[in-house]
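Within every chain, numbering begins at 1; the chains are lettered A, B, ... in the order of the sequence lines, protein sequences first and strands thereafter. Computed over heavy atoms, backbone and side chain alike; hydrogens, waters and symmetry mates excluded.
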Amino acid sequence: MWQILALPESQLCLSAVLKCGQSFRWTSIGSAPNQEYRFCLRDRVVCLKQDATTLFYRTILPLSQPSALPQQQIAEAETLVWLRDYFQLDVDLQKLYAEWAIRDKVFSSGIQTRFAGIRMLRQDPFENLISFICSSNNNIGRITKMVQALCRHYSAPLLSMPDPADPLIEVQYHPFPSPSVLAAPDVETTLRDLGFGYRAKFIQRTAKMLVDTHGSADLAEKFLAGLRNASTEDAREELLKFMGVGRKVADCVLLMSLDKKEVVPVDTHVHQIAIKHYGLKGSLNAKSNMTPKLYEEINTKLVTVWGDYAGWAHSVLFTSDLKAFSTHGVEAAETTLPTPPPTPSPLKRKGGVSDQTSTADLPPSPLAGRTKRRRTTEAAR
DNA sequence: CGGACACCGCGT
DNA sequence: CGCGGTGTCC
């Protein structure tokens with residue numbers, strides 16, 4: 001039943017951090033052995049699980065007949081191809097980490113070992129675009145709920161299965177809705193009622209603009225995916241045309257969906273990291289507005305430090321700074337390093353400047369120990 | 001062009 | 001009050 005997901009480096013199974021795009025959820029595959037993580041991938045639900053040494057996957061097809069073994073094998077083969085694409089397994093991550101460690105002391109002193117195996121996912125452009133439109137003035141926990149509400153409300157469930165943690169609960173797996181569905185005029189009102197606030201209009205307008213411009217949802221999605229072949233500057237220019245998409249959101253989509261590996265999205269959080277570790281001017285206390293000029297300044301600096309995969313490096317630093325991962329890999333680092341740093345995280349911020357990454361911002365991780373599980377019976381992919 | 005300011009709702 | 005910002009106005 002379970003298939004082996006062959007990995008280019010063993011560390012991935014132990015400490016990969018997966019940001020499941022549409023659910024906008026950070027989770028660590030390695031943090032809770034043998035727990036399942038599931039998400040919709042195109043026409044199916046994919047389950048991931050890992051033991052001490054290996055990452056496994058399996059495929060659940062909708063309406064799948066009990067037998068049909070050949071069909072299942074074909075599906076597993078397809079899933080493997082898609083997972084390799086989704087995890088971008090052809091990118092040699094160890095080589096990248098080695099380069100970052102040479103270029104950057106922050107990497108070589110702790111981060112490199114504690115946060116090994118973190119790779120950028122190649123996420124669907126449309127769902128990622130909408131997810132990040134939701135992210136303005138917002139925190140991860142609420143963004144996750146909003147995107148799940150979007151899926152639950154605007155797409156039919158692919159299938160339903162018992163919750164791995166509690167088999168008495170059936171979980172419905174909804175794919176991300178199509179642009180044409182979200183383009184309907186009444187979507188704005190509905191999303192407002194669902195608590196999306198001013199972002200309701202952005203989502204509806206963006207979806208409508210996509211469908212109107214390209215004629216159909218299918219062509220719209222093909223257009224977005226086609227931006228993978230455009231230059232970073234051209235692709236960014238296209239993204240900035242959408243309502244609710246500024247520089248930060250555009251850069252997130254460029255990096256996480258459009259293969260622009262060098263792009264470093266700058267938010268207040270990254271700003272703090274840049275000040276603390278990379279000599280950017282600014283105060284850790286005063287919240288200065290992010291001007292285009294300052295954005296470029298930070299961006300340029302970080303690209304200079306990290307090189308042409310700067311966006312990937314940024315993801316590692318970002319994860320290491322999340323409170324939910326503040327103790328991640330600390331013990332491993334202590335046993336490996338002769339002189340371990342006394343602080344749990346070298347990047348840990350001080351003071352109450354922007355404490356947006358408290359654990360309360362994060363939804364319960366499906367692979368982390370479940371202490372308090374929400375009663376929701378549906379899961380957006 | 002850069003600098004204010006509002007924007008929704010939720011958590012602290 | 002502030003949040004992993006953006007549109008709009010001046």
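- Per the geometry, NE2 belonging to His271(A) stands 17 Å off P belonging to dG2(C), to the nearest Å.
- Centroid-to-centroid, the aromatic rings of Phe39(A) and Tyr86(A) come within less than 6.0 Å.
- Regarding Leu129(A), its CG atom lies at a distance of 16 Å from the P atom of dG5(C), rounded to whole Å.
- Note: CG (Leu294(A)) to P (dG5(C)) measures 14 Å, nearest angstrom.
- Whole-Å rounding puts the Arg142(A) CZ to dT12(B) C1' distance at 15 Å.
- With salt bridges taken as basic N to acidic carboxylate O contacts below 4.0 Å, none links Arg42(A) and Glu78(A).
- In this structure, the side chain of Gln72(A) engages the main chain of Thr59(A) through a donor-acceptor pair within 3.5 Å.
- A salt bridge is defined here as a Lys NZ or Arg NE, NH1 or NH2 lying under 4.0 Å from an Asp or Glu carboxylate O, and Glu296(A) with Arg247(A) meets this definition.
- Atom CD1 of Ile143(A) and atom P of dT6(C) are 12 Å apart (whole Å).
- Nucleotides dC1(B) and dG5(C), compared at atom P, are 24 Å apart to the nearest Å.
- Classification of the Phe318(A)-His314(A) ring pair by plane angle, with boundaries at 30° and 60°, yields tilted.
- By the rule that hydrophobic residues join a cluster once side-chain heavy atoms approach within less than 4.5 Å of another member, Val187(A) and Val211(A) end up as members of separate clusters.
- Residue Asn138(A) contributes atom CG, which lies 14 Å from atom P of dT12(B) at whole-angstrom precision.
- Around atom NZ of Lys261(A), more than 12 heavy atoms belonging to other residues, nucleotides or ligands sit under 6.0 Å away.
- Applying a 4.0 Å cut-off to non-hydrogen atoms, the residues of residues 192-210 of chain A that approach DNA chain B are Arg192(A), Gly195(A), Gly197(A), Tyr198(A), Arg199(A), listed by residue number.
- The minimum heavy-atom distance linking Val266(A) with Met290(A) is given by the pair CG1-CE, 3.8 Å.
- Taken to the nearest 0.5 Å, the SG atom of Cys252(A) stands 11.5 Å off from the CD1 atom of Ile133(A).
- Distance, Asn139(A) CG to dG9(B) C1': 10 Å, rounded to whole Å.
- Atom CD1 in Ile140(A) sits roughly 14 Å away from atom P in dC3(C) (whole-Å rounding).
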- Query: Dot-bracket for DNA chain B, 5' to 3', with Watson-Crick and G-U pairs under 3.5 Å, [ ] for crossing pairs and | for other-strand pairs: what is it?
  - Reply: .||||||.|||.

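- Contacts between residues 237-249 of chain A and DNA chain C, defined by a heavy-atom separation below 4.0 Å, involve Phe242(A), Met243(A), Gly244(A), Val245(A), Gly246(A), Arg247(A), Lys248(A), Val249(A), listed by number.
- Leu280(A) and Tyr295(A) fall within a single hydrophobic cluster, where Ile, Leu, Val, Met, Phe, Trp and Tyr are joined by side-chain heavy atoms under 4.5 Å apart, directly or via other members.
- Heavy-atom contacts from other residues, nucleotides or ligands closer than 6.0 Å to CZ of Arg205(A) number 12 or fewer.
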- Task: Any chance you could lay out the salt bridge (charged side-chain N to carboxylate O under 4.0 Å, His left out) test for Glu36(A) and Arg58(A), step after step, and finish with the verdict?
- Result: CA-CA 10 Å; Glu36(A) 245 184 276; Arg58(A) 66 176 170 149; 3.0 Å; yes

- Using a 4.0 Å cut-off on protein heavy atoms (strictly under), produce a 5'-to-3' string for nucleotides 1-6 of chain B with B for base contact, S for backbone-only sugar-phosphate contact, and - for none. --S---

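- Checking the phosphate oxygens (OP1, OP2) of dG5(C), a side-chain nitrogen or oxygen of Thr268(A) falls inside 4.0 Å.
- The P atoms of dC8(B) and dC9(C) are separated by 14 Å, rounded to the nearest whole Å.
- Checked against salt bridge (Lys or Arg N to Asp or Glu O under 4.0 Å), Lys222(A) has the following partners two or more places apart in sequence or in another chain: Asp218(A).
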Scan the side chains in residues 175-186 of chain A for donor-acceptor partners under 3.5 Å anywhere in the protein, sequence neighbours excluded, and list what turns up.
unit_1, atom_1, unit_2, atom_2, d
Ser178(A), OG, Ser180(A), N, 3.1
Ser178(A), OG, Ser180(A), OG, 2.8

